[in-house]
Amino acid sequence: MLNISDFNNNLLAWYQANKRDLPWRRTSDPYHIWLSEVMLQQTQVITVIPYFEKFITNYPDLDALADADEGSLLKDWEGLGYYNRIRNFHAAVKEVQNTYDSTVPDDPDAFFSLKGVGPYIGGAVQSIAFNNLLAAVDGNVLRVMARLNLDYRDMTKASVQKSVKQDIEAVLPLEAGDFNQALMELGAVICTPRTPKCIMCPVQQHCEAYKEGQVSELPVKKRAKSKKEIYYNVYFILNDKGEIMLRKQEGTLLGGMYELPKYDIDTSIETIEEELGVPLDHPNIHTGSVKHVFTHQVWYMEGYVLYTKGAHEDFVPRAEVAKLPMSRAMQKIYRQLEM
DNA sequence: AAATCGTGGTC
DNA sequence: TGACCAAGATT
């Protein structure tokens, strides 16, 4: 950068003149700002907006969310993905309720110790809500900085991200919250991954990559590994009381969400009967196929209807199913039963 | 340090 | 169509 003060002034002036009207910019409530940052993790602004509105309606203050039950939170989060975010946020908010008298700490060390608060969310909330002098380095900022400084390091590496964060904090102006948002906004609107609008860029004269004609070569990122393909048979197990078997997923992937019993395709019905402890009648009704793409997996699911006269604790009345949180993956195949 | 964790949109 | 991307954190 040629001149830091010149750079900061240009960037902040551009930000103020082009500021988008986003719901979380209408509030100064640290709890609302924190909630928005948790939702925005790896998620586009346009996707977050309706979820944010729903949450501040259903859980208007920190105590309301802390006192809510996890099932209702997961149901309201349904479809947003990365479901551990809301479970971590729930735990963190409860800790604020118990330890900090329901007041979000205006203190980086205290705040960073909370569940789900990493380098980005910590910096973003502390700077935007309290104007503490910390950088908020997200994917936008990494891209902008790589181009400004003609930085060819692999931006997916944690060590590089930490270094970029320190570089920014060395030049951070007193308006830290606005500066952080301006840098992210620049990345989102002008300095985009493909076909960046350099002609419109308020800091074009500070950009080394633009000078060298290297904008489209940056940032450097190692490419993602290929996805693992998994094949499941998914079963609609119905009893004679109008109920269907649905159970809560364990583990880290979709943990807490409800699912139809699913088994690797070469699992026999006898094995499933043994595992569930109920006799199963297999009329060979195939409801259809679904492909669902995750970040690191692809599921290929085949749906089948089974009947049983046995008793099991995981039966749910068909009318109650819609009240339970279910992943998009499972919703796609569940819909086949209604057709 | 590298793998894992969702979903929807784009080209 | 497949690969990439989006206000990243955790283990």
Side-chain angles (χ1 to χ4, degrees), chain A residues 15 20 22-25 33-52 74 77-89 91-92 111-129 134-144 154-162 164-165 177-189 191-196 219-230 249 251-257 259 291-299 325-332:
Chain A
Y15 174 62
R20 283 184 289 176
L22 303 175
W24 43 91
R25 287 188 179 152
I33 293 169
W34 182 11
L35 171 63
S36 74
E37 296 299 346
V38 174
M39 290 182 160
L40 286 163
Q41 181 186 332
Q42 295 287 278
T43 310
Q44 297 197 2
V45 165
I46 190 70
T47 305
V48 166
I49 291 173
Y51 284 90
F52 180 78
L74 276 171
W77 197 272
E78 179 184 272
L80 199 51
Y82 286 152
Y83 297 97
N84 267 330
R85 286 184 293 176
I86 184 58
R87 303 211 284 183
N88 286 340
F89 186 58
F111 191 66
F112 274 108
S113 75
L114 299 168
K115 252 187 188 167
V117 177
Y120 168 76
I121 291 182
V125 173
Q126 289 295 311
S127 66
I128 296 169
L134 295 174
V137 178
D138 72 335
N140 288 311
V141 173
L142 290 172
R143 181 173 58 256
V144 170
D154 179 358
M155 287 295 156
T156 66
K157 293 173 80 77
S159 57
V160 176
Q161 297 179 5
K162 187 174 176 184
V164 170
K165 180 171 158 71
D178 280 346
F179 181 85
N180 285 332
Q181 294 186 80
L183 216 45
M184 290 189 275
E185 192 87 352
L186 186 72
V189 176
C191 196
T192 50
R194 290 176 293 234
T195 63
V220 174
K221 303 170 87 169
K222 72 165 175 291
R223 45 175 293 171
K225 51 177 287 193
S226 61
K227 301 177 197 305
K228 183 178 181 186
E229 299 186 315
I230 302 178
Q249 284 185 237
T252 50
L253 179 58
L254 304 178
M257 308 300 278
E259 66 168 355
K291 175 186 180 182
H292 187 82
V293 181
F294 295 91
T295 307
H296 289 287
Q297 292 181 16
V298 185
W299 285 5
M326 196 181 284
S327 70
R328 289 291 191 242
M330 203 50 66
Q331 286 178 354
K332 283 188 197 168

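These numbers come from a predicted model, not from an experiment. In the text below, chain A, chain B and the rest are named by the order of the sequence lines, each starting its count at 1.
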Worksheet item: What is the nucleic acid contact for A:Q297, judged by heavy atoms within less than 4.0 Å: base, sugar-phosphate only, or nothing?
Response: sugar-phosphate

Worksheet, complete the sentence: Sorted by position of nearest nucleotide on DNA chain B, 5' first, the leading residue of A:S159 and A:L254 is A:S159

Fill in: Minimum heavy-atom distance between A:S327 and A:Y83, given as atom pair plus value
CA-OH, 4.2 Å

Worksheet entry | Trace of the ring-ring contact (aromatic ring centres under 6.0 Å, His included) decision for A:W299 with A:F294 | CA-CA 8 Å; A:W299 285 5; A:F294 295 91; 4.8 Å; yes

Worksheet entry | Euclidean distance, atom NE2 of residue A:H296 to atom C1' of B:dG6 [Å, nearest integer] | 11 Å

Worksheet entry | C:dA9 versus B:dG9 - spacing of their C1' atoms, nearest Å | 23 Å

Discussion item. Using a 4.0 Å heavy-atom cut-off, does A:L22 contact any base of the nucleic acid, only the sugar-phosphate backbone, or nothing at all?
Written reply: base

Item to complete: Taking all non-hydrogen atoms of both residues into account, name the closest pair between A:G256 and A:P325 and its distance.
Response: O-CG, 4.2 Å

Worksheet item: About how many Å separate NZ of A:K332 and NZ of A:K291, when rounded to the nearest 0.5 Å?
Response: 9.5 Å

Worksheet item: How far, in whole Å, is C:dC4 from B:dA3 if one measures between their P atoms?
Response: 15 Å

Worksheet entry | Whole-Å gap separating P (B:dA2) and CZ (A:R223) | 17 Å

Worksheet, complete the sentence: On DNA chain C, more 5' by nearest nucleotide between A:K291 and A:V137 is A:K291

Worksheet item: Starting at the 5' end of DNA chain B, which residue's closest nucleotide do you reach first, A:A158 or A:T43?
Response: A:A158

Worksheet item: Roughly, in whole Å, what's the span from NZ in A:K228 to C1' in B:dT4?
Response: 12 Å

Practice prompt. Could you tell me whether the phosphate oxygens of B:dG6, OP1 or OP2, come under 4.0 Å of any side-chain nitrogen or oxygen in A:H292?
Written response: no

Discussion item. Can you list everything that forms a salt bridge (charged side-chain N to carboxylate O under 4.0 Å, His left out) with A:E37? Sequence neighbours excluded, please.
Written reply: none

Worksheet entry | Positional range of nucleotides in DNA chain C within the contact set of chain A, heavy-atom, under 4.0 Å | C:dG2 to C:dT10

Discussion item. Between P on B:dC5 and CZ on A:R87, what's the gap in Å once rounded to a whole number?
Written reply: 13 Å

Practice prompt. Decide yes or no, distance alone: a donor-acceptor N/O pair under 3.5 angstrom between the base of B:dG6 and the side-chain of A:T295.
Written response: yes

Worksheet, complete the sentence: Between the CG atom in A:L22 and the CD1 atom in A:I46, the distance rounded to the nearest 0.5 Å is 9.5 Å

Worksheet item: Atom NZ of A:K332 and atom P of B:dT7: how far apart are they, to the nearest Å?
Response: 8 Å

Item to complete: Say whether, by atom type as modelled, one donor and one acceptor occur between the side chain of A:T192 and the main chain of A:V189 under 3.5 angstrom.
Response: no

Discussion item. Can you confirm whether A:M326 sits close enough to A:E78 that some side-chain heavy atom of one is under 4.5 Å from a side-chain heavy atom of the other?
Written reply: yes

Fill in: A:Y82 OH - B:dT7 P separation (whole Å)
10 Å

Worksheet item: Where is the tightest heavy-atom contact between A:N180 and A:L134, given as atom of each residue plus distance?
Response: ND2-O, 2.8 Å

Worksheet item: P atom, C:dA7 versus B:dC11: distance in rounded Å?
Response: 15 Å

Fill in: Note, A:N140 side chain near A:L186 side chain (heavy atom, < 4.5 Å)
no

Identify all pairs in which a protein N or O lies below 3.5 Å from an N or O of nucleotides 9-11 of chain B, and state each distance.
none

Response to the item:
Output for pair (A:M39 CE, A:W24 CH2), nearest 0.5 Å, gives 9.0 Å

Worksheet item: With a 4.0 Å cut-off on heavy atoms, is A:W24 in touch with a base, just the backbone sugar-phosphate, or nothing at all?
Response: base

Practice prompt. Look at all strands and tell whether A:G79 reaches a base, only sugar-phosphate, or nothing, counting heavy atoms closer than 4.0 Å.
Written response: sugar-phosphate

Worksheet item: Rounded to whole angstroms, how far apart are CD on A:Q42 and C1' on B:dG8?
Response: 13 Å

Response to the item:
Heavy-atom nearest nucleotide on DNA chain C taken for A:M184 and for A:N88; more 5' hit belongs to A:M184

Item to complete: Remember a base hit wins even if backbone is also touched, and classify A:V48 as base, sugar-phosphate or nothing at under 4.0 Å, heavy atoms.
Response: nothing

Worksheet item: Roughly, in whole Å, what's the span from CZ in A:F294 to C1' in B:dC5?
Response: 10 Å

